[in-house]
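Chain identifiers are assigned alphabetically (A, B, ...) following the order of the sequence lines, protein sequences preceding nucleic acid strands; residue numbering begins at 1 within each chain. Remember, it's a predicted structure, so these values are computed and weren't measured experimentally.
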Amino acid sequence: MNTQILALENMLFTITMLLYFGSMVLYFVFIAVKRDGISRVAVTLQVIGWCLHTVALICRGIGAGRLPMTNQYEFATSFAWGICLVSLFFVLKFHFSVLGAFASPVMFLIIGYAAMQSKDVHELMPALRSNWLGFHVSTAIIAYGAFGVSFVLSLIFLLRDKVQAGGFLDQRIPDREKLDGISYRSVALGLLFLTFTIVTGAIWAERAWGRYWSWDPKETWSLVTWIIYAIYLHLRIRRGYEGKAAAIFAVIGFLCVLFTYVGVNTFLPGIHSYA
Amino acid sequence: MQFAILLLAVLAIACSAGSFITQGQTYDWYAKQYSERAAALILALHLDDAFHSWWFVLINVFLCINLLLCNVLRFPRLKKRMETEMDAEKWLQSTSGETAQKINRPEEVFLRLRMPKPKQIRTADGREILFSFKNRIGLWGAWICHFGILLLILGFGLGQMTRKQYTVYGVPGQTKPIGDTGLVLTIDDFQVDLREDDTVRQYTADITVRDMTEKTDGEIHSEQAQISVNNPAFLFGMKFYQNSTGWAAQVSVTEAGEPLQEETLCVGEYLAVQDKPELVILLNAFYPDYLLDPVGGPMTVSGQLNNPAYLYTVYYQNQILGMNALMESEELTIDDYVVKFSRPQSYTLIQIKKDSFTWLAFVGGMVIMIGLFLAFYLLPVRVCAVREADDTWTVRGICKKGGTIFREQFARAVKGEEENGGER
């Protein structure tokens, strides 16, 4: 354990949090004062924050001498990193700054949750000392990040009609069809990676515990999340249910993600209690 | 599809109910935890073993039938689509998709949309056509994903029905039978690798398994392996896992100064005194570095054997005679009997499993991933260009799942062509 590097990580984590906060405030100001220049600064702050966040995670990994993905703090900070990455991807690809205004509070809440967790570095128990850990948790981070962004997009979709026609926001938020398309892409990314997470977790569990599926609460809720997004995909292609109904399921899906991550650990302890 | 959505929703509700209600408990436990009425309801609905209940199996059977029917019905349609969508002339007759007219260099539109090199064909009425189709395999994405789910459920279900599982625990030197298999397992060695801070790095056991039912040239066939957490071994067609560990100790009983009995007891095990079986000693717990905390009770300060203590209970005719902690050098006297605990050591718990269908479930998982990738990232795109009478081209592109995003992509590809000198 390298305490100097861990101290650096702690400092970088704090700066990252401040940058995410600054970026969130600027996104709100952008919507309030209706000036595009402010959104560009907000995106820049978010990009810098994400870069520092990446360095912080690398420092954590070096300092702990292992992948920084094994306790509540490490997973929460990685989760915020994943949401930031996926939201930046969609903001830049589709020139959709308003997405940042909705995604940044979610990101800030999750990194805030991370800040409240213990940052102590503990050695890994034997079951966690596996190469599968990296595959299993890193795919979960991308999946959760993508679902976080689809949640935000679905909220924007559901609120789209409340936006004044021809107004500042109306011109900066894609139409419902495009919003639905971007949200679908985000869910697609999330579902593919969640499937990776479940499959790699099953392979690992088979090696570590002798059972690839034990109906442990974490496993069960990952399956519930998978099913909710499968329903979303089916609703999307069903006439009469596409759009609003599908968006509602994307919102429910992310609530399931949050429950799988925080709720299961709090209310339903099982063999995944450390995660 | 409506039925499939309903089944998925019911499955999600069933899974969440199974996760909220603690599984495998008794009526009394549920009655104490919730209420008597709730306990009766839980047992009546088999919610105490939700994931193995008849209704949970039934939901999965319905889901499998639904997936199977869906795939059977879609197979000929998809096969036909694969063939007809390559028929440029047929496709020209349809009006769907994005259209751009008066294009001078259609090849550039194909390039910008990253289409494969277009085929040049002539229609029956002599019109020249450039035609390209990419990601045809993507049409099969959902079908493959459904097939993967079927394989996974099948592999899991068959595994549940046929799997055999045994546990053997003991200390080095002990040999124990593995259930009804005719095999015996000897624990040759067991090591607990500790870090400096007393946390466990790894548990490692050396084991030998012998087949007592078959002899080759008069020799008992045996296989050896070293197992540790995350590194199981495959012996005699079964998987051996280093699953768990705990403390064990040597218990010696003397009667009037004469040795009567000596056995290894794991924590939680009982010893019945040989010539007085109604006198039973239970090893409740072991503390390697014992401390009697006035508030928290007996506890261990570290994992090191600095101050070993044994917590025991003595029963006589099923009644508790007494319970106390005994230090390493202390003796317990009951009438003529003297009981002494010594040589504390870690025991290993080895899990042995045979599941012939695990591979099928994993193949199912892989197939699902391939299916999802094809469905999400290999969206079928067709682009066709027709030479008009004035020598310009009309280009049409279609990507059914692409929606607005493909429309914009197509428009950008056409615009790029315009910027390079074309007209629209």
Side-chain angles (χ1 to χ4, degrees), chain A residues 94 122-132 174-175 177-182 184-185 187-189 191-192 195-196 198-200 202-204 206-213 215-221 223-228 230-231 233-235 237-238 241 256 259 264 267-268 270, chain B residues 1-2 4-5 8-9 11-13 15-16 18-20 22-23 50-52 142 145 148-149 156 159 163 165 193 195 197 199-203 228-232 239-243 351-353 355 358 361-362 364-366 368-369 372-373 375-377 401-408:
Chain A
F94 296 105
H122 296 289
E123 295 288 356
L124 293 184
M125 61 165 88
L128 291 179
R129 285 163 46 87
S130 166
N131 292 333
W132 287 104
D175 59 40
E177 198 192 345
K178 191 171 177 183
L179 270 176
D180 176 58
I182 305 172
Y184 165 75
R185 279 167 192 236
V187 169
L189 179 73
L191 195 67
L192 182 65
T195 312
F196 262 109
I198 295 173
V199 171
T200 52
I203 295 171
W204 183 13
E206 165 69 15
R207 286 188 73 82
W209 300 322
R211 296 195 77 159
Y212 58 87
W213 194 263
W215 295 108
D216 165 71
K218 199 79 145 188
E219 292 173 354
T220 307
W221 274 90
L223 177 66
V224 171
T225 306
W226 197 94
I227 293 171
I228 297 293
I231 294 175
L233 290 176
H234 285 86
L235 282 178
I237 53 169
R238 191 169 164 72
Y241 291 91
C256 284
F259 186 77
V264 167
F267 305 112
L268 308 168
Chain B
M1 189 190 289
Q2 211 158 354
I5 293 171
L8 286 171
L11 189 62
I13 293 165
C15 287
S16 44
S19 73
F20 280 119
T22 308
Q23 301 289 287
F51 302 113
H52 303 101
C145 180
I149 297 171
F156 185 75
R163 70 182 271 149
Q165 193 171 305
D193 181 12
R195 300 187 186 95
D197 63 354
T199 56
V200 179
R201 186 180 286 119
Q202 187 56 284
Y203 301 102
S228 56
V229 180
N230 275 313
N231 296 298
K239 261 188 166 175
F240 290 72
Y241 297 86
Q242 171 53 51
N243 188 289
Q351 187 182 323
I352 302 127
K353 191 194 84 172
D355 181 349
T358 300
F362 283 148
M366 299 296 165
I368 294 172
M369 287 199 293
L372 288 178
F373 179 78
F376 295 148
Y377 292 102
K401 284 184 181 174
T404 320
I405 295 167
F406 175 73
R407 278 206 290 280
E408 287 179 2

Contacting moiety of B:Gln23, where chain A heavy atoms sit under 4.5 Å: neither

So, the part of A:Trp226 with a heavy atom under 4.5 Å from chain B: the answer is side chain

Between B:Ala12 and A:Ile227, which heavy-atom pair has the shortest distance, and what is it? CB-CG2, 3.9 Å

Distance in Å, B:Lys401 NZ paired with A:Arg185 CZ, rounded so as to fall on 0.5 Å steps: 11.5 Å

Within a radius of less than 6.0 Å around CG of B:Asp197, do more than 12 heavy atoms belonging to other residues, nucleotides or ligands occur? yes

Close side-chain approach of A:Phe94 and B:Ile405, heavy atoms under 4.5 Å: yes

Contact class of B:Ala375 relative to chain A, heavy atoms under 4.5 angstrom: backbone

Flag side-chain contact, heavy atom, 4.5 Å: B:Arg407 against A:Lys178: no

Chain A contact via B:Gln351 - which portion, at a heavy-atom distance below 4.5 Å: side chain

To the nearest 0.5 Å, what is the distance between CG on B:Leu11 and CG on A:Leu223? 6.0 Å

Heavy-atom pair count under 4.5 Å with chain B, highest-scoring of A:Ser130, A:Ala208, A:Ala188: A:Ala188

Using non-hydrogen atoms and a 4.5 Å limit, figure out which bit of B:Phe373 sits close to chain A: side chain, backbone, both or neither. both

Where does the angle between the aromatic ring planes of A:Trp221 and B:Phe20 fall among parallel (under 30°), tilted (30 to 60°) and perpendicular (over 60°)? perpendicular

Nearest heavy-atom pair of A:Ala127 and B:Asn230: which atoms, and what distance? O-ND2, 2.9 Å

Quick one: pull up OG1 in A:Thr200 and CE in B:Met369 and give me the separation to the nearest 0.5 Å. 7.5 Å

Identify which part of B:Thr358 has an atom lying under 4.5 Å from any heavy atom of chain A, answering side chain, backbone, both or neither. both

Rounded distance [0.5 Å steps], CD in A:Glu177 versus OG1 in B:Thr404: 3.0 Å

Of all heavy-atom pairs between A:Trp215 and B:Cys15, which one has the smallest distance, and what is that distance? CZ3-SG, 4.1 Å

Shortest non-hydrogen contact from B:Lys353 toward A:Gly210: CD-O, 3.0 Å

What part of B:Arg195 gets closer than 4.5 Å to chain A, counting heavy atoms only: side chain, backbone, both or neither? side chain

Quick check on B:Ser16 against chain A: is it the side chain, the backbone, both or neither that has a heavy atom closer than 4.5 Å? both

Do B:Asp355 and A:Glu206 make a side-chain contact, defined as non-hydrogen atoms from C-beta onward lying under 4.5 Å apart? no

Note: A:Pro126 and B:Tyr203 closest approach over all heavy atoms is CG-CE1, 3.8 Å

Under a 4.5 Å heavy-atom cut-off, does chain B meet the side chain of A:Phe196, its backbone, both or neither? both

Is there a side-chain contact between B:Phe376 and A:Leu233 in this structure, where contact means two heavy atoms from C-beta onward sitting under 4.5 Å apart? yes

